[in-house]
Amino acid sequence: AVANRVYYTNGVELGCVQDGAHRTWGITPPTGFIAAATGGDLQAGKYQVAVTYIRDDGQESGAARASVVEVGAAGGISLTNLPVSTDPTVDSKRIYVSPTNGETMFLVGIVGNNVTTFAIREQRIGAAPLTTQFLLPPPAGDHIAHFNGLMLVASGDRLYPSETYAPELFDFRKAVPFLDKITMIAPMDDGVWIG
């Protein structure tokens, strides 16, 4: 249990119970959309574009690798095939784009989950940067625990920590490998015992 939520996993399935209702634990990021150059008022250069899902409680998914679009003078960016999440708790998508030849992407639009197209035709840099790139929902693990703001998920011989105070976002690159299958996670006052 974490706050008013109970997380569970059995090695194959995982989920969360919140306010007496079952829902997914984490949100699978959107993939497969098409980003292409179109007409508009953007400066010539390269732009990075990413999309995330937003659940009805405000939880944001991770984002896959950004699409890169090269725009000519008086150009824009057209997004098509924006995927529609099958998760019934997802109600919208956020669109992020970088400044011209930039690396950090910023929020430029929010659309409903059922919207499949979006156009960026004018230079507008948002104030909210993308902070969930490359983050994923947890793997279905064999054991879970909560310690010091982290959800810990053991799957086979790897321990996956969540992002700090973000129990639904995991960076799989931070997995800790062990020599054998993990059979126990036991949080203590000042650390975690792992068997």
Side-chain angles (χ1 to χ4, degrees), residues 2-3 5 7-9 11-18 22-35 47-69 77 79-99 102-116 118 120 125-141 144-156 158-177:
V2 179
R5 295 164 286 182
Y7 296 96
Y8 66 87
T9 181
V12 178
E13 303 168 311
L14 67 154
C16 177
V17 177
Q18 183 174 6
H22 172 268
R23 65 166 175 80
T24 57
W25 178 3
I27 307 165
T28 302
T31 58
F33 65 89
I34 299 169
Y47 294 84
Q48 295 187 60
V49 182
V51 179
T52 63
Y53 288 129
I54 304 296
R55 195 168 51 218
D56 54 15
D57 64 0
Q59 173 71 45
E60 184 169 19
S61 75
R65 174 178 284 172
S67 294
V68 178
V69 180
I77 302 168
L79 302 179
T80 56
N81 271 3
L82 291 173
V84 175
S85 176
T86 57
D87 184 334
T89 63
V90 170
D91 63 7
S92 59
K93 293 183 268 251
R94 288 184 181 167
I95 315 294
Y96 293 86
V97 67
S98 69
E103 294 186 9
T104 302
M105 291 171 278
F106 295 90
L107 179 65
V108 294
I110 301 174
V111 297
N113 182 40
N114 60 347
V115 174
T116 59
F118 188 81
I120 304 164
I125 301 305
L130 174 62
T131 59
T132 63
Q133 190 164 23
F134 305 123
L135 300 182
L136 296 164
I144 59 175
H146 182 256
F147 175 75
N148 206 23
L150 298 174
M151 287 298 291
L152 303 171
V153 178
S155 180
R158 295 191 178 269
L159 183 69
Y160 296 87
S162 72
E163 295 296 287
T164 306
Y165 302 113
E168 310 219 8
L169 295 169
F170 288 72
D171 185 341
F172 284 16
R173 298 170 296 182
K174 295 179 181 177
V176 180

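Note that the numbering runs from 1 along the sequence shown for the chain. Everything numeric in this text was worked out from a predicted model, so none of it was measured. All heavy atoms count here, side chains included; hydrogens, waters and symmetry mates do not.
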Q) Where is the tightest heavy-atom contact between P83 and F33, given as atom of each residue plus distance? A) CD-CB, 4.0 Å
Q) Which pair of heavy atoms, one from L130 and one from A50, lies closest together, and at what distance? A) CD2-CB, 3.8 Å
Q: Quick one: list whatever passes side chain to side chain donor-acceptor pair (under 3.5 Å) with R5, sequence neighbours left out.
A: Y7
Q: Apply salt bridge (charged side-chain N to carboxylate O under 4.0 Å, His left out) to R94 and list each qualifying residue two or more places apart in sequence or on a separate chain.
A: E60
Q) Any donor-acceptor pair under 3.5 Å linking the side chain of K93 with the backbone of N113? A) yes
Q) For the residue pair Y160 and F172, does the interplanar ring angle fall in the parallel (under 30°), tilted (30 to 60°) or perpendicular (over 60°) class? A) tilted
Q) What pair of heavy atoms forms the shortest contact from A35 to V69, and how long is it? A) CB-CG2, 3.5 Å
**Q.** Flag side-chain contact, heavy atom, 4.5 Å: L14 against P138
**A.** yes
**Q.** Student check: side-chain heavy atoms of P99 and F106 closer than 4.5 Å
**A.** yes
Q. Can any side-chain N or O of T132 pair as donor or acceptor with the backbone N or O of S61 at less than 3.5 Å?
A. yes
Q) If you look at every heavy atom in V51 and L82, which pair is closest and at what distance? A) CG2-CD2, 3.8 Å
Q | Spatial distance of atom CG (L135) from atom NZ (K174) [nearest 0.5 Å] | A | 7.5 Å
Q) Can any side-chain N or O of T9 pair as donor or acceptor with the backbone N or O of G141 at less than 3.5 Å? A) yes
(Q) Nearest 0.5 Å, please: how far is CZ in F118 from OG1 in T80? (A) 13.5 Å
Q: Not counting sequence neighbours, which residues clear side chain to side chain donor-acceptor pair (under 3.5 Å) with D171? List them please.
A: R173
Q. S92: what forms a side-chain contact (heavy atoms from CB on, under 4.5 Å) with it, not counting sequence neighbours?
A. I54, I110
(Q) If I compare all heavy atoms of Y96 with all of A128, which pair ends up nearest, and what's the gap? (A) CE2-O, 3.8 Å
Q | Interatomic distance, E168 atom CD to D57 atom CG [nearest 0.5 angstrom] | A | 7.0 Å
Q: Output all residues satisfying salt bridge (charged side-chain N to carboxylate O under 4.0 Å, His left out) with D56, sequence neighbours left out; order by chain, then residue number.
A: none
Q: Calculate, to the nearest 0.5 Å, the distance between atoms CD1 and OH belonging to I144 and Y8 respectively.
A: 10.5 Å
(Q) Apply side chain to side chain contact (heavy atoms under 4.5 Å, CB included) to residues L150 and T164 and explain how you reach the verdict. (A) CA-CA 5 Å; L150 298 174; T164 306; 3.7 Å; yes
Q) Taking only residues two or more places apart in sequence, or in another chain, which ones meet A166 in a side-chain contact (heavy atoms from CB on, under 4.5 Å)? A) E163, L169
Q: Start with the C-alpha distance between T89 and D87, add both sets of side-chain angles, then the distance that settles side-chain hydrogen bond (donor to acceptor under 3.5 Å, both in side chains), and finish with yes or no.
A: CA-CA 5 Å; T89 63; D87 184 334; 2.6 Å; yes
(Q) If we ignore hydrogens and angles and just use 3.5 Å, is the side chain of W25 paired with the main-chain N or O of P167 as donor and acceptor? (A) yes
(Q) Quick check: closest heavy atoms across A64 and P30, and the distance to 0.1 Å? (A) CB-O, 4.1 Å
Q. Between atom CZ of R23 and atom CD of Q59, what is the distance when rounded to the nearest 0.5 Å?
A. 7.0 Å
Q.
Working to the nearest 0.5 angstrom, can you tell me the gap between L136 CG and I27 CD1?
A. 12.0 Å
